[in-house]
Amino acid sequence: MALPAALAVQAIKNKPKVKVNSKVNTVLLSTAFGLGVFFAGRAIWRSFKRNIREGQILKEGNPASFATQLKMAFENDNAFGWGTDEEAVYRTLEQIPNTWMMRRVQRAYKDLFGKNLASDLKSELSTQEFTIAQEIINAKR
């Protein structure tokens, strides 16, 4: 039983050394640095956009305001502490004047909360309620 363990230890000690060329090392390091800069830059940009949107929330008729109203309706605490306020969702969707503004609301929702408005609508509402919401959205010109 000790013989296989001793052979394994000896094999580990005698394994061939792998040398990496300095050019390969440089390419790997620069690639890692480039990826780090990319992800850091993307995080800074997203934070910048979110800060701008948060500053626009209190302006009535602004896409960020509509997006926040929808998010608040999703997170509504009814008397029993659960559920979505469907009437608030419908009311907010009806207040959005046209498809151009609806696209801007969807973009603001993505910037503020990092989620897709359509997928949140689908997950928060029942099938029948989601159909009503889609009809309200599609009726915009």
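All values reported here derive from a predicted model rather than from experimental measurement.
Y90 OH to L70 CG: the interatomic distance, rounded to the nearest 0.5 Å, is 12.0 Å. Rounded to the nearest 0.5 angstrom, F74 CZ and L117 CG are separated by 5.5 Å. Between E60 atom CD and Q95 atom CD the span is 7.5 Å, to the nearest 0.5 Å. Distance check: R46 CZ to L112 CG gives 13.5 Å after rounding to the nearest 0.5 Å. Between the CZ atom of F33 and the CG atom of L29 there is a distance of 11.0 Å, given to the nearest 0.5 Å.
Not counting sequence neighbours, T68 has no partner by the side-chain hydrogen bond (donor to acceptor under 3.5 Å, both in side chains) test.
A distance-only check finds a donor-acceptor pair linking the side chain of T31 to the backbone of V27 [under 3.5 Å]. At distances below 3.5 Å, not a single donor-acceptor pair connects side-chain atoms of N21 with backbone N or O atoms of V24.
Residues T84 and L125 have side chains in contact (heavy-atom distance under 4.5 Å, counting atoms from C-beta outward).
For the salt bridge (charged side-chain N to carboxylate O under 4.0 Å, His left out) condition, the pairs that include at least one residue of residues 103-114, sequence neighbours left out, are K49-D111, R53-D111.
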Quiz: residues 127-140 side-chain donor-acceptor pairs under 3.5 angstrom, not counting sequence neighbours:
unit_1	atom_1	unit_2	atom_2	d
E129	OE1	S126	N	3.0
E129	OE1	S126	OG	3.3
T131	OG1	T127	O	2.8
N138	ND2	Q134	O	3.2
K140	NZ	L93	O	2.7
K140	NZ	I96	O	2.7

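Closest approach of A64 to N62, counting heavy atoms only: N-OD1, 3.0 Å.
Donor-acceptor pairing under 3.5 Å is recorded for the side chains of Y109 and D120.
Salt bridge annotation for K71-E75: present, with a cationic side-chain nitrogen under 4.0 angstrom from a carboxylate oxygen.
A single hydrophobic cluster is seen to contain both I52 and W45, as judged by linkage of ILVMFWY side chains at heavy-atom distances under 4.5 Å, directly or through other members.
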